[in-house]
Amino acid sequence: MAAVAALTSCTVNGPDPDSEPPATSAPTTKSSSLDLPQRPRDLAIAGKQDAEICAWLKSEQKQSLQIGGSGRPVQRNGNNYNGCAFLGEAGNAQFGFALRVVPEGIQSFMSEVNSSPESEKAFEINGFGAVQGQIAGGESLGCDVFVDAAEGQTLWINMMLQTPGGMDNDQMCERAKQAAEAAVTTLQGS
(Lines give C-alpha, C1' and ligand atoms only; values in the text may rest on other atoms or scores of the structure.)
Protein backbone atom coordinates (compact mmCIF):
# COMPACT_ATOMS: atom_id res chain seq x y z
CA MET A 1 0.00 0.00 0.00
CA ALA A 2 2.83 2.42 0.86
CA ALA A 3 4.46 1.70 -2.47
CA VAL A 4 1.27 2.69 -4.23
CA ALA A 5 0.89 5.83 -2.10
CA ALA A 6 4.45 6.91 -2.79
CA LEU A 7 4.22 6.32 -6.51
CA THR A 8 0.94 8.15 -6.88
CA SER A 9 2.44 11.21 -5.20
CA CYS A 10 5.08 11.73 -7.87
CA THR A 11 4.83 14.94 -9.82
CA VAL A 12 6.06 15.80 -13.27
CA ASN A 13 6.77 19.52 -12.90
CA GLY A 14 8.21 19.60 -9.36
CA PRO A 15 6.76 19.21 -5.90
CA ASP A 16 3.20 20.41 -5.48
CA PRO A 17 3.43 22.96 -2.67
CA ASP A 18 -0.09 22.03 -1.55
CA SER A 19 0.59 18.29 -1.30
CA GLU A 20 1.86 16.29 1.64
CA PRO A 21 4.67 13.77 1.30
CA PRO A 22 3.16 10.29 1.04
CA ALA A 23 2.51 8.15 4.07
CA THR A 24 4.92 5.35 4.78
CA SER A 25 4.40 1.67 5.43
CA ALA A 26 1.92 0.41 7.96
CA PRO A 27 3.57 -1.56 10.76
CA THR A 28 3.35 -5.33 10.65
CA THR A 29 4.45 -7.78 13.33
CA LYS A 30 7.93 -9.34 13.34
CA SER A 31 10.43 -10.21 16.01
CA SER A 32 13.23 -7.77 16.66
CA SER A 33 15.94 -7.57 19.29
CA LEU A 34 18.03 -4.45 19.10
CA ASP A 35 21.38 -3.91 20.77
CA LEU A 36 21.35 -0.13 21.19
CA PRO A 37 23.38 2.00 23.59
CA GLN A 38 21.78 3.44 26.68
CA ARG A 39 20.34 6.91 26.04
CA PRO A 40 22.48 9.75 27.43
CA ARG A 41 19.18 11.31 28.58
CA ASP A 42 15.57 11.45 27.45
CA LEU A 43 14.65 13.84 24.65
CA ALA A 44 11.46 15.79 25.37
CA ILE A 45 9.26 14.54 22.54
CA ALA A 46 6.32 12.97 24.39
CA GLY A 47 3.01 14.63 23.55
CA LYS A 48 4.54 17.17 21.15
CA GLN A 49 2.08 18.57 18.64
CA ASP A 50 2.61 19.05 14.91
CA ALA A 51 3.58 22.74 15.11
CA GLU A 52 6.21 22.00 17.77
CA ILE A 53 7.67 19.17 15.70
CA CYS A 54 7.94 21.48 12.68
CA ALA A 55 10.39 23.60 14.71
CA TRP A 56 12.83 20.71 15.16
CA LEU A 57 14.58 21.50 11.87
CA LYS A 58 16.22 24.94 11.93
CA SER A 59 16.72 27.13 8.83
CA GLU A 60 20.37 26.18 8.31
CA GLN A 61 19.53 22.49 8.78
CA LYS A 62 16.72 22.68 6.22
CA GLN A 63 19.07 24.41 3.79
CA SER A 64 21.65 21.64 4.26
CA LEU A 65 18.95 19.00 3.74
CA GLN A 66 17.70 20.87 0.63
CA ILE A 67 14.17 21.25 1.96
CA GLY A 68 12.12 24.41 2.11
CA GLY A 69 9.27 25.96 3.97
CA SER A 70 8.27 25.71 7.57
CA GLY A 71 6.77 22.25 7.21
CA ARG A 72 3.17 21.26 7.79
CA PRO A 73 1.33 18.69 9.87
CA VAL A 74 1.71 15.16 8.57
CA GLN A 75 -1.13 13.49 6.82
CA ARG A 76 -2.68 10.97 9.17
CA ASN A 77 -2.63 7.45 7.78
CA GLY A 78 -4.35 5.52 10.51
CA ASN A 79 -1.55 5.59 13.05
CA ASN A 80 -2.31 9.17 14.17
CA TYR A 81 1.32 9.88 15.12
CA ASN A 82 1.92 13.60 15.48
CA GLY A 83 4.48 14.95 13.06
CA CYS A 84 5.64 17.44 10.48
CA ALA A 85 6.29 17.02 6.74
CA PHE A 86 8.75 18.90 4.52
CA LEU A 87 9.29 18.86 0.74
CA GLY A 88 12.70 19.04 -0.88
CA GLU A 89 14.55 18.88 -4.16
CA ALA A 90 18.15 17.95 -5.06
CA GLY A 91 18.96 18.13 -8.76
CA ASN A 92 16.26 16.11 -10.49
CA ALA A 93 15.25 14.25 -7.32
CA GLN A 94 12.15 15.39 -5.46
CA PHE A 95 11.58 14.02 -1.98
CA GLY A 96 9.88 14.58 1.33
CA PHE A 97 10.73 14.15 4.98
CA ALA A 98 8.32 13.43 7.80
CA LEU A 99 9.30 13.64 11.45
CA ARG A 100 6.89 11.75 13.70
CA VAL A 101 6.60 11.09 17.43
CA VAL A 102 5.70 7.48 18.17
CA PRO A 103 4.43 6.95 21.73
CA GLU A 104 6.05 3.53 21.92
CA GLY A 105 9.55 2.37 22.81
CA ILE A 106 11.91 1.63 19.94
CA GLN A 107 12.28 -2.08 20.78
CA SER A 108 8.53 -2.60 20.65
CA PHE A 109 7.91 -0.33 17.67
CA MET A 110 10.69 -1.87 15.55
CA SER A 111 9.09 -5.30 16.02
CA GLU A 112 6.04 -3.91 14.16
CA VAL A 113 7.84 -2.04 11.36
CA ASN A 114 7.67 -3.55 7.87
CA SER A 115 11.32 -3.09 6.94
CA SER A 116 13.48 -5.55 5.08
CA PRO A 117 16.00 -7.21 7.43
CA GLU A 118 18.79 -6.54 4.91
CA SER A 119 18.19 -2.79 5.15
CA GLU A 120 18.17 -2.56 8.96
CA LYS A 121 21.33 -1.07 10.43
CA ALA A 122 21.87 0.15 13.98
CA PHE A 123 24.03 3.21 14.68
CA GLU A 124 24.31 6.16 17.08
CA ILE A 125 23.22 9.77 16.76
CA ASN A 126 24.81 11.99 19.40
CA GLY A 127 24.82 9.02 21.82
CA PHE A 128 21.23 7.92 21.06
CA GLY A 129 20.62 4.50 19.52
CA ALA A 130 19.07 4.59 16.06
CA VAL A 131 18.03 2.08 13.42
CA GLN A 132 17.62 2.65 9.70
CA GLY A 133 15.32 0.54 7.57
CA GLN A 134 13.54 0.45 4.24
CA ILE A 135 10.09 -0.89 3.38
CA ALA A 136 10.29 -4.57 2.51
CA GLY A 137 9.63 -4.79 -1.22
CA GLY A 138 9.64 -1.00 -1.59
CA GLU A 139 13.25 -0.19 -0.81
CA SER A 140 13.50 2.19 -3.78
CA LEU A 141 10.77 4.44 -2.30
CA GLY A 142 12.69 5.85 0.65
CA CYS A 143 14.37 5.19 3.97
CA ASP A 144 13.35 5.43 7.62
CA VAL A 145 15.40 6.19 10.71
CA PHE A 146 14.05 5.39 14.16
CA VAL A 147 15.69 7.04 17.19
CA ASP A 148 15.47 5.78 20.77
CA ALA A 149 14.52 9.24 22.03
CA ALA A 150 13.08 8.52 25.49
CA GLU A 151 11.51 5.82 27.61
CA GLY A 152 8.44 4.72 25.64
CA GLN A 153 9.09 7.27 22.86
CA THR A 154 10.54 6.84 19.36
CA LEU A 155 11.44 9.64 16.95
CA TRP A 156 10.64 8.42 13.41
CA ILE A 157 12.23 10.17 10.44
CA ASN A 158 10.86 9.07 7.08
CA MET A 159 12.56 10.09 3.81
CA MET A 160 10.26 9.49 0.83
CA LEU A 161 11.51 9.67 -2.74
CA GLN A 162 8.95 11.22 -5.09
CA THR A 163 11.07 10.94 -8.25
CA PRO A 164 11.50 7.24 -9.09
CA GLY A 165 15.20 6.48 -9.58
CA GLY A 166 16.22 9.98 -8.45
CA MET A 167 18.45 8.55 -5.68
CA ASP A 168 19.84 5.15 -4.80
CA ASN A 169 19.23 3.42 -1.46
CA ASP A 170 22.46 4.69 0.11
CA GLN A 171 21.68 8.30 -0.84
CA MET A 172 18.14 8.07 0.57
CA CYS A 173 19.32 6.53 3.83
CA GLU A 174 22.11 9.09 4.16
CA ARG A 175 19.55 11.90 3.83
CA ALA A 176 17.29 10.23 6.42
CA LYS A 177 20.27 9.99 8.81
CA GLN A 178 21.14 13.65 8.23
CA ALA A 179 17.56 14.68 9.04
CA ALA A 180 17.60 12.52 12.17
CA GLU A 181 20.91 14.06 13.27
CA ALA A 182 19.52 17.55 12.74
CA ALA A 183 16.36 16.85 14.76
CA VAL A 184 18.27 15.17 17.62
CA THR A 185 20.76 18.05 17.73
CA THR A 186 17.90 20.58 17.96
CA LEU A 187 16.16 18.55 20.66
CA GLN A 188 19.35 18.24 22.69
CA GLY A 189 19.78 22.01 22.60
CA SER A 190 16.28 22.72 23.91
Side-chain angles (χ1 to χ4, degrees), residues 1-3 5-6 20-54 56-57 71 73-86 96-139 141-160 169 172-188 190:
M1 183 69 170
E20 294 285 330
T24 185
S25 66
T28 59
T29 304
K30 69 176 182 178
S31 65
S32 179
S33 178
L34 303 173
D35 184 23
L36 298 176
Q38 185 168 346
R39 288 182 301 280
R41 66 183 179 98
D42 283 358
L43 296 175
I45 68 170
K48 296 298 181 186
Q49 300 302 305
D50 299 339
E52 295 169 291
I53 298 167
C54 287
W56 292 351
L57 294 179
V74 292
Q75 206 171 357
R76 302 293 193 252
N77 64 357
N79 60 24
N80 293 320
Y81 302 135
N82 291 339
C84 185
F86 300 88
F97 284 109
L99 281 62
R100 297 178 189 255
V101 173
V102 179
E104 189 173 345
I106 193 168
Q107 293 280 354
S108 174
F109 188 64
M110 285 301 299
S111 70
E112 301 168 10
V113 171
N114 182 21
S115 60
S116 67
E118 301 82 36
S119 72
E120 288 185 4
K121 295 179 184 158
F123 58 99
E124 279 186 47
I125 296 175
N126 300 352
F128 292 85
V131 178
Q132 93 175 20
Q134 293 179 283
I135 300 169
E139 292 84 355
L141 301 175
C143 190
D144 297 299
V145 172
F146 308 92
V147 180
D148 182 22
E151 186 64 34
Q153 300 291 315
T154 300
L155 174 59
W156 176 9
I157 294 83
N158 173 238
M159 188 279 181
M160 302 142 292
N169 290 357
M172 290 184 292
C173 288
E174 183 57 34
R175 283 191 181 271
K177 285 180 189 178
Q178 290 169 348
E181 289 167 358
V184 168
T185 298
T186 298
L187 287 162
Q188 284 182 302
S190 58

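Because only heavy atoms are used, hydrogens play no part in the values below, and waters and symmetry mates are left out as well, while side chains stay in.
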Inset, instruction - Quick one: list whatever passes side chain to side chain contact (heavy atoms under 4.5 Å, CB included) with A149, sequence neighbours left out. - result: L43, I45, L155
Inset, instruction - Look up atom CG in D148 and atom CD1 in I125, then write down how far apart they are to the nearest 0.5 Å. - result: 11.0 Å
Could you pull out all donor-acceptor pairs under 3.5 Å where a side-chain atom in residues 178-185 meets a protein atom, sequence neighbours excluded?
residue	atom	partner	partner atom	Å
T185	OG1	N126	ND2	3.1
T185	OG1	E181	O	2.8

Inset, instruction - Taking all non-hydrogen atoms of both residues into account, name the closest pair between P73 and D50 and its distance. - result: CB-OD2, 3.2 Å
Legend entry - Heavy-atom closest pair, residues W156 and D144: NE1-OD1, 3.0 Å
Legend entry - Euclidean distance, E139 CD relative to E118 CD, rounded to 0.5 Å: 7.5 Å
Legend entry - Residues in side chain to side chain donor-acceptor pair (under 3.5 Å) contact with Q153, at least two apart in sequence or another chain: none
Legend entry - Over all atoms of both residues, closest heavy-atom pair of A98 and V74: CB-CG1, 4.0 Å
Inset, instruction - Could you tell me which non-hydrogen atom of G127 sits nearest to which non-hydrogen atom of P37, and how far apart they are? - result: O-CG, 4.0 Å
Inset, instruction - Please report the shortest heavy-atom distance between S119 and Q134, naming the atom on each side. - result: OG-N, 2.8 Å
Inset, instruction - Mind listing the closest non-hydrogen atom pair of K177 and V145 along with its distance? - result: N-CG2, 3.9 Å
Inset, instruction - Only counting residues at least two apart or in another chain, list the ones meeting side chain to side chain donor-acceptor pair (under 3.5 Å) with E104. - result: S108
Legend entry - side chain to side chain donor-acceptor pair (under 3.5 Å) partners of Q49, counting only residues at least two apart: none
Inset, instruction - Look at the side chain of R175 and the backbone N and O of G142, then say whether any donor-acceptor pair between them is shorter than 3.5 Å. - result: no
Inset, instruction - Quick one: list whatever passes side chain to side chain contact (heavy atoms under 4.5 Å, CB included) with K48, sequence neighbours left out. - result: E52, I53, W56
Legend entry - Under 3.5 Å donor-acceptor, Q132 side chain and F146 backbone: no
Legend entry - Q107 side, atom CD; D35 side, atom CG - distance, nearest 0.5 Å: 8.5 Å
Legend entry - Residue list, side chain to side chain donor-acceptor pair (under 3.5 Å) with E151, at least two apart or on another chain: R39
Legend entry - Results of side chain to side chain contact (heavy atoms under 4.5 Å, CB included) for C54 - residues two or more places apart only: C84
Inset, instruction - Could I get the full list of ring-ring contact (aromatic ring centres under 6.0 Å, His included) partners for F128, not counting sequence neighbours? - result: none
Legend entry - M160 side, atom CE; F86 side, atom CZ - distance, nearest 0.5 Å: 10.5 Å
